[in-house]
Amino acid sequence: MPKKAIIPAGTAPPLAPYVPGSMADNILYVSGTLPFDENNDVVHVGDAEAQTRHVLETIKRVIEEAGGTMDDVTFNTILLTDWDNYGAINKVYAEYFPGEKPARYCIKVGLVKPEALVEIASVAHLA
């Protein structure tokens, strides 16, 4: 089973040894994605909706680079730092998955940078 790294143009160097996406057998695994800019600085500090939108746009870029769309997403892992942001995160999340929703789970955690409010990892099955 050969695998292929998926790295969209303009992607910031990762903080650890990983790639934004890894494709194997038409399954794309998108790494945990944080609200980082091209310098790995947190964007939209204090705004869970804007951070979620930034994260999902970044995930969308990885999926499109692999030849897919957000409709191909079958599973998401959502990590949040505060349950008070759950509604704001879900509001934006619903915009990116308006039809049939992917399976998911959501847990409260501490993230690698304290200003980050949300991290999402995805699995997409591409035809």
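Just so you know, residue 1 is the first one in the sequence shown, and it goes up from there.
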key: Pairwise distance OG1(Thr81) to CG(Leu111) - rounded to 0.5 angstrom   = 6.0 Å

query = Taking it one step at a time, do Val55 and Arg53 satisfy side chain to side chain contact (heavy atoms under 4.5 Å, CB included)?
reply = CA-CA 5 Å; Val55 165; Arg53 188 173 314 285; over 6 Å; no

request  = Verify the neighbour count for atom NZ of Lys101: are there more than 12 heavy atoms of other residues, nucleotides or ligands below 6.0 Å?
outcome  = yes

ask   = Is a side-chain N or O of Glu119 found less than 3.5 angstrom from the main chain of Leu79, in a donor-acceptor match?
value = no

inquiry  = Pair Glu65, Ile63 - check side chain to side chain contact (heavy atoms under 4.5 Å, CB included), show working.
reply    = CA-CA 5 Å; Glu65 180 74 19; Ile63 292 170; over 6 Å; no

key: Whether Asp82 side chain and Asp84 backbone form a donor-acceptor pair below 3.5 Å   = yes

request  = Quick one: do Leu80 and Ile89 satisfy side chain to side chain contact (heavy atoms under 4.5 Å, CB included)? Show the steps, please.
outcome  = CA-CA 9 Å; Leu80 72 158; Ile89 291 167; 3.8 Å; yes

task = Can you measure from CG (Leu56) to CD1 (Ile59) and round to the nearest 0.5 angstrom?
result = 5.0 Å

ask   = Can Arg104 be said to sit on top of Tyr93's aromatic six-ring, NZ or CZ under 6.0 Å from centre and within 45° of the ring axis?
value = yes

inquiry  = Given 3.5 Å as the limit, does a donor-acceptor pair link the side chain of Asp47 with the main chain of Glu49, or not?
reply    = yes

key: Nearest-0.5 Å distance, CD of residue Glu115 to CG of residue Leu34   = 11.0 Å

inquiry  = If we ignore hydrogens and angles and just use 3.5 Å, is the side chain of Asp37 paired with the main-chain N or O of Asn39 as donor and acceptor?
reply    = yes

query = Taking C-beta and beyond as the side chain, do Phe97 and Asp71 meet within less than 4.5 Å on heavy atoms?
reply = no

query = Distance from Lys60 atom NZ to Tyr96 atom OH, nearest 0.5 Å?
reply = 6.5 Å

message = Between Gln51 (side chain only) and Pro35 (backbone N and O only), is there a donor and an acceptor less than 3.5 Å apart?
response = no

ask   = Do Ile27 and Val123 touch side chain to side chain, with heavy atoms closer than 4.5 Å?
value = yes

ask   = Distance from Ile7 atom CD1 to Lys4 atom NZ, nearest 0.5 Å?
value = 10.0 Å

Note, Val19 side chain near Ile6 side chain (heavy atom, < 4.5 Å) = no

query = Are Phe75 and Ser122 close enough that some pair of their side-chain heavy atoms sits under 4.5 Å apart?
reply = no

message = Contact between Thr52 and Lys91 at the side-chain level, heavy atoms closer than 4.5 Å - yes or no?
response = no

inquiry  = Within 45 degrees of the ring normal and closer than 6.0 Å to the centroid, is that where the cationic atom of Lys113 sits relative to Phe36?
reply    = yes

request  = Could you tell me whether a side-chain N or O of Asn90 sits under 3.5 Å from a main-chain N or O of Gly87, the two making a donor and an acceptor?
outcome  = no

message = Keeping Ser22 on the side-chain end and Tyr29 on the backbone end, is there a donor-acceptor pair under 3.5 Å?
response = no

Derivation and outcome, side chain to side chain contact (heavy atoms under 4.5 Å, CB included), residues His125 and Asp72 = CA-CA 5 Å; His125 289 249; Asp72 296 318; 5.8 Å; no

key: Asn40 (side chain) donor-acceptor with Pro13 (main chain) under 3.5 angstrom   = yes

